[in-house]
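Written below as structure tokens is the structure these notes are about.
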Amino acid sequence: MHTINLNIENEKELYNPFDTEADFLSEDIKSYITNRMGDKSIGEEVKIRIISPCSVNQERIKKAFHKWVDEEENAIKKEFRRNFVQQIWMFAIGVVFIALSLFLENKIGVVWYTVLSTIGAFSMWEAASIWIIQNPKLRLRRRTVKKIRSDTVIEIETPSE
């Protein structure tokens, strides 16, 4: 089991300082957990151990933790949708410019033909770039978030225990 220790003085450190209801984890906590998740082995469960001299409301921290995971999942879904739309547009623009350059090949000069076909090729490359580079990164991020949701145990520890 991969253990991530969070040493805090009081429970307020876990939450965003602007959040009066303590519903949202602080950006520092989220960043630390995300960075430490990179150290774990594939298939290894994760335990987040909160060490504090003061008492910590376990239900509140679990609720904030799940809210963070939900927000991450929603952000990933939105990014996939945005990538899909952008990919379709770039591919369509590429096809239009390449078809236009082929149609006008004998009617325009070599320079304009080259410009039109290059714009089309770059547009198609951008669509392919989303598919080859950006989407695999998003899939990895989505897989990590799912692992965080399913394999994470939150444990509260006070020094007197």
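Just so you know, these numbers come straight off a predicted model, no measurement behind them.
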Under a 3.5 Å distance rule, please check whether Asn16 uses its side chain to pair with a backbone N or O of Phe24 as donor and acceptor. no
Listed partners of Arg143 passing salt bridge (charged side-chain N to carboxylate O under 4.0 Å, His left out), at least two apart: none
Taking ring-ring contact (aromatic ring centres under 6.0 Å, His included) as the definition, give me every residue that meets it alongside Phe65, ordered by chain and number, with sequence neighbours left out. Trp68
With a 4.5 Å cut-off on side-chain heavy-atom distances among I, L, V, M, F, W and Y, is there a chain of contacts connecting Leu138 to Ile130? no
Please determine whether side-chain contact (heavy atoms from CB on, under 4.5 Å) holds for the pair Val115 and Thr118, giving the CA-CA distance in whole Å, both sets of side-chain angles, and the decisive distance to 0.1 Å. CA-CA 5 Å; Val115 168; Thr118 302; 5.9 Å; no
Separation between OG of Ser52 and CD of Glu13, rounded to the nearest 0.5 Å: 7.5 Å
Same apolar cluster (I L V M F W Y, side chains within < 4.5 Å links), Ile4/Val153: no
Between atom NZ of Lys62 and atom CD1 of Ile156, what is the distance when rounded to the nearest 0.5 Å? 8.5 Å
Do Ile61 and Leu25 touch side chain to side chain, with heavy atoms closer than 4.5 Å? yes
Separation between CG of Leu104 and OG of Ser117, rounded to the nearest 0.5 Å: 11.5 Å
Which atom of Gln87 lies closest to which atom of Asn135, heavy atoms considered: OE1-ND2, 3.9 Å
By side-chain contact (heavy atoms from CB on, under 4.5 Å), which residues pair with Glu11, not counting sequence neighbours? Leu14, Tyr15, Val56, Asn57, Arg60
Worked verdict on Ile50 versus Ile48 for side-chain contact (heavy atoms from CB on, under 4.5 Å): CA-CA 6 Å; Ile50 301 169; Ile48 297 175; 4.3 Å; yes
Qualifying residues under side-chain hydrogen bond (donor to acceptor under 3.5 Å, both in side chains), relative to Glu9, sequence neighbours excluded: none
Taking side chain as C-beta onward, heavy atoms only, is Lys137 less than 4.5 Å from Ile133? yes
Taking the side chain as every heavy atom from C-beta outward, state whether Leu6 and Arg49 have any pair of such atoms under 4.5 Å apart. no
Please collect all ring pair (Phe, Tyr, Trp, His ring centres under 6.0 Å) contacts where either partner lies in residues 83-132, sequence neighbours excluded, each pair once. none
Residue pairs fulfilling side-chain hydrogen bond (donor to acceptor under 3.5 Å, both in side chains) with at least one residue in residues 69-82, sequence neighbours excluded: Asp70-Arg149, Glu72-Arg141, Glu73-Arg149, Glu79-Arg141
Which heavy-atom pair separates Ile98 from Met124 by the least distance, and what is that distance? CD1-SD, 3.5 Å
Are the side chain of Ser123 and the backbone N or O of Ile119 linked by a donor-acceptor pair below 3.5 Å? yes
Heavy-atom side-chain proximity of Ile132 to Pro136 below 4.5 angstrom: no
Please name the pair of heavy atoms, one in Gln134 and one in Asn83, separated by the smallest distance, quoted to 0.1 Å. OE1-OD1, 3.4 Å
